Each structure stands twice: as C-alpha cells, then as structure tokens.
Amino acid sequence: QVQLVDSGGGSVQAGGSLRLSCAAFGYAYNMYCIGWVRQAPGKEREGVAMIDSDGNSRYADSVKDRFTISQNNTKNTLYLQMNSLKPEDTAMYYCAAKWTCSYTHHVLPPSDFEYWGQGTQVTVSS
C-alpha cells in the first residue's frame with residue numbers, strides 16, 4: 001500500500017517563500033510520476049509541478065521560474081520550494097503520485113493521479 005504524507009504549509013506575505021515536503025511510504029514501483037496539485041476555493045484543481053519516471057521536472061506555466069520540485073536520492077521524500085509567492089498561490093496543496101507512469105511533456109491532469117496526501121494549506125497575503 002502507498003501512503004503519502006505532505007507537510008510544510010503556512011501563511012506568508014507576498015514575495016515570501018515556503019518549502020513543502022512529502023514523505024512516501026510503501027511504494028514498490030520505479031516507473032512512476034510524483035508531484036504537487038493545488039486547489040483553491042471555487043477553482044478547479046491545478047497540477048503545479050511533477051517529476052516523471054525519467055527524472056524530468058515539469059511545471060505549470062503559472063509557477064514556472066518561481067517553484068522548484070526535487071526528490072531525495074532514495075526517492076522517499078519529495079519537495080516543492082516555492083519562492084516569490086503571490087496571493088494567487090493560496091490553495092490547499094496535495095502531494096500526488098501515479099505509479100504506472102513514464103516520461104511526460106507536461107504535468108499530468110489532476111484526475112490522472114492515483115495516490116494523494118492529506119493536503120497542506122498555503123496562504124499568501126498581500
């Protein structure tokens with residue numbers, strides 16, 4: 001069984017930074033994609049950033065050049081470094097994974113992900 005536990009959210013002022021973490025437990029696959037999805041009240045879910053099975057990083061246009069996704073060497077911890085935060089980034093952020101995934105050109109649609117963390121709230125004030 002796969003379990004994802006995400007953390008690191010908080011409240012910051014515009015222009016500030018946060019780093020989210022996701023601990024992965026119980027996975028036994030190598031061909032997978034893992035990343036972050038966010039959802040703000042009244043808005044659709046948005047895939048923010050993802051690492052595909054070849055180790056390529058993909059980003060939504062809305063966060064490109066501000067956010068950086070990374071993974072430790074044992075691939076049991078995922079990070080999202082968020083810089084230059086904007087009020088529009090306010091949302092619940094979820095760590096998410098798809099276990100039968102190869103290389104991709106873009107972040108997967110949120111509906112494609114199979115495993116989800118519980119979510120961590122990010123609030124950016126102006």
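Position 1 is the first residue of the sequence, and the numbers go up from there. Treat the numbers as computed from the prediction; the structure is a model and nothing was measured.
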Do you know the tightest heavy-atom contact between Gln81 and Asn83? NE2-OD1, 3.0 Å
Joint hydrophobic cluster, Val48 plus Val107, side-chain heavy atoms closer than 4.5 Å: no
Hey, quick one: are Val12 and Val63 part of the same hydrophobic cluster, counting side-chain heavy atoms closer than 4.5 Å, chains of contacts allowed? yes
Asp61 atom CG, neighbour heavy-atom count above 12 within 6.0 Å: no
ILVMFWY network linking Trp116 to Val122, side-chain heavy atoms under 4.5 angstrom: no
To check you understand the geometry: which heavy-atom pair defines the closest contact between Tyr94 and Gln118, and what is its length? CE2-O, 3.6 Å
Between atom CZ of Arg19 and atom OG of Ser70, what is the distance when rounded to the nearest 0.5 Å? 7.0 Å
Hey, any chance Ile34 and Met82 share a hydrophobic cluster, counting ILVMFWY side chains that come within less than 4.5 Å of each other, even indirectly? yes
State yes or no: do Tyr115 and Val37 share one hydrophobic cluster built from I, L, V, M, F, W and Y residues joined by side-chain heavy-atom distances below 4.5 Å, directly or via other members? no
Candidates Leu108, Asp112, Ile51 - the one meeting side chain to side chain contact (heavy atoms under 4.5 Å, CB included) with Cys101: Leu108
Heavy-atom closest pair, residues Ala91 and Ala40: CB-N, 3.9 Å
Should Tyr32 and Ser53 count as side-chain neighbours, where that means a heavy-atom distance under 4.5 Å? no
Minimum heavy-atom separation for Ala24 to Leu4, with atom names? CB-CD2, 3.8 Å
Going from CZ on Arg58 to CG on Asp52, what distance comes out if it is rounded to the nearest 0.5 angstrom? 5.5 Å
Hey, could you give me the CG/CG distance between Asn72 and Leu78, rounded to the nearest 0.5 Å? 9.0 Å
What's the separation between atom CG in Leu80 and atom SG in Cys22, rounded to the nearest 0.5 Å? 10.5 Å
Distance col, row Trp36:CH2 vs Tyr59:OH, nearest 0.5 angstrom, shows 12.5 Å
In chain order, what residues pass the side-chain contact (heavy atoms from CB on, under 4.5 Å) check against Gln121, with sequence neighbours excluded? Thr90, Met92, Thr123
Give, for atom OG of Ser126 and atom CD of Gln13, the distance between the pair rounded to the nearest 0.5 Å. 9.0 Å
Determine the minimum heavy-atom distance between Gly47 and Ala60, stating which atoms define it. O-CB, 3.3 Å
Kindly assign one of parallel, tilted or perpendicular to the pair Phe67 and Tyr93, based on the angle between their ring planes and the thresholds 30° and 60°. tilted
For Met50 and Phe113: C-alpha separation, side-chain torsions, deciding distance, then whether side-chain contact (heavy atoms from CB on, under 4.5 Å) applies. CA-CA 11 Å; Met50 189 186 74; Phe113 289 102; 3.8 Å; yes
Exercise: identify the closest heavy-atom pair between Arg66 and Ser84: NH1-O, 3.0 Å
